[in-house]
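For reference, the structure is listed below as structure tokens.
Values below: every heavy atom of this structure, side chains too, minus hydrogens, waters and symmetry copies. From a predicted model like this one, the values you see are computed outputs, not experimental measurements.
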Amino acid sequence: MSLFSLILLSIALSLDCFTVCLIFGMQRSAWKKSLKKGEKDPFPPLVWNALQASGIFALFHILLIVAGWLLGWSMNAIVARYDHWLAFGLLAGIGLKTFIDGFSSKDSSIKVHAMFEWKSMLLLALAVSIDAFAVGVSMQMVQVPLFRLCTSVAITVFLFSFIGMAGGYFAHRQMQKMSIRTVNIIGGIVLIGIGVRILISHLYA
């Protein structure tokens, strides 16, 4: 596989990560905006948040690529039967929780949003990296070097995730009237939409 083809493959695997992190960034900005005067921001700086999310997303892609590479074609048939349902379930579940939070009567400034909990972040990382398993299997079949594949995908996923979170944060800063409740509703719809896209693309593949 040429370097150009490998980069295109890496970008394709990174697009869902970019979208999810775009929502992360908007959530982060909306949360900060919702704080009352004098109230301390409970989150670390944006750069640290972005590094955390980007690192987790990249790590999950590496793990699933290696798993696909090692387990091979025999396991791929089993995984392919259920992976899209798992991704859909995770994204739809977290998306629905996010959507419902947008209509919650609770003060959104005093509760950590579901997407920022470690458990939810890890589940989101798993959901958007499931396709990496099939990539690991197929690239092993055509004998693409594992280190080269993992390096390309990890760097691309990391960069796209980081840019997505930073972009979402600064984009929301320009939307002065968009509250965290509105961002929650939009974020929930987007996450459910990604889940539906993954499900449909796999069912009709």
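- Under the 4.5 Å side-chain criterion, counting only non-hydrogen atoms from C-beta, Leu91 is not in contact with Ile192.
- One distance of note links CG of Leu70 with CG of Leu146; it measures 7.0 Å at 0.5 Å rounding.
- Atoms CZ and CZ, on Arg28 and Phe170 in that order, are 11.0 Å from each other to the nearest 0.5 Å.
- Ring planes of Trp85 and Phe88: perpendicular class, angle over 60° (limits at 30 and 60°).
- The CG atom of Leu59 sits 4.5 Å away from the CG atom of Leu63 when rounded to the nearest 0.5 Å.
- Placement of Phe158 and Ile23 in two distinct hydrophobic clusters is found when ILVMFWY residues are connected by side-chain heavy-atom separations under 4.5 Å, directly or transitively.
- A heavy-atom distance below 4.5 Å is found between the side chains of Leu149 and Val135.
- Using a 4.5 Å cut-off on side-chain heavy atoms (C-beta onward), Leu71 and Phe133 make contact.
- In this structure, Thr19 contributes its side chain and Leu15 its backbone to a donor-acceptor pair below 3.5 Å.
- Side-chain contact between Leu124 and Leu191 is present, with at least one heavy-atom pair separated by less than 4.5 Å.
- Of the inter-residue distances, the one linking Gln52 atom CD with Met165 atom CE reads 8.0 Å to the nearest 0.5 angstrom.
- Note that SG of Cys17 and CD1 of Ile194 are 9.0 Å apart. Values are rounded to the nearest 0.5 Å.
- Atoms CZ and CG, on Phe162 and Asn49 in that order, are 10.5 Å from each other to the nearest 0.5 Å.
- Checking Ser152 against Ser10 by side-chain atom types alone, a donor-acceptor pair falls below 3.5 Å.
- Counting only heavy atoms from C-beta outward, the side chains of Gln27 and Tyr169 never approach each other to under 4.5 Å.
- Ser201 places a side-chain N or O within 3.5 Å of a backbone atom of Ile198 that can act as its donor or acceptor partner.
- In terms of the salt bridge (Lys or Arg N to Asp or Glu O under 4.0 Å) criterion, residue partners of Arg197 (sequence neighbours excluded) are, by chain and number, Asp16.
- Looking at heavy atoms from C-beta onward, Phe60 lies out of side-chain contact with Val157 at the 4.5 angstrom threshold.
- Transitive grouping of hydrophobic side chains (ILVMFWY, heavy atoms separated by less than 4.5 Å) keeps Val128 and Leu159 in distinct clusters.
- A single hydrophobic cluster is seen to contain both Leu122 and Val20, as judged by linkage of ILVMFWY side chains at heavy-atom distances under 4.5 Å, directly or through other members.
- At a threshold of 4.5 Å between non-hydrogen side-chain atoms, the residues Leu64 and Leu126 count as touching.
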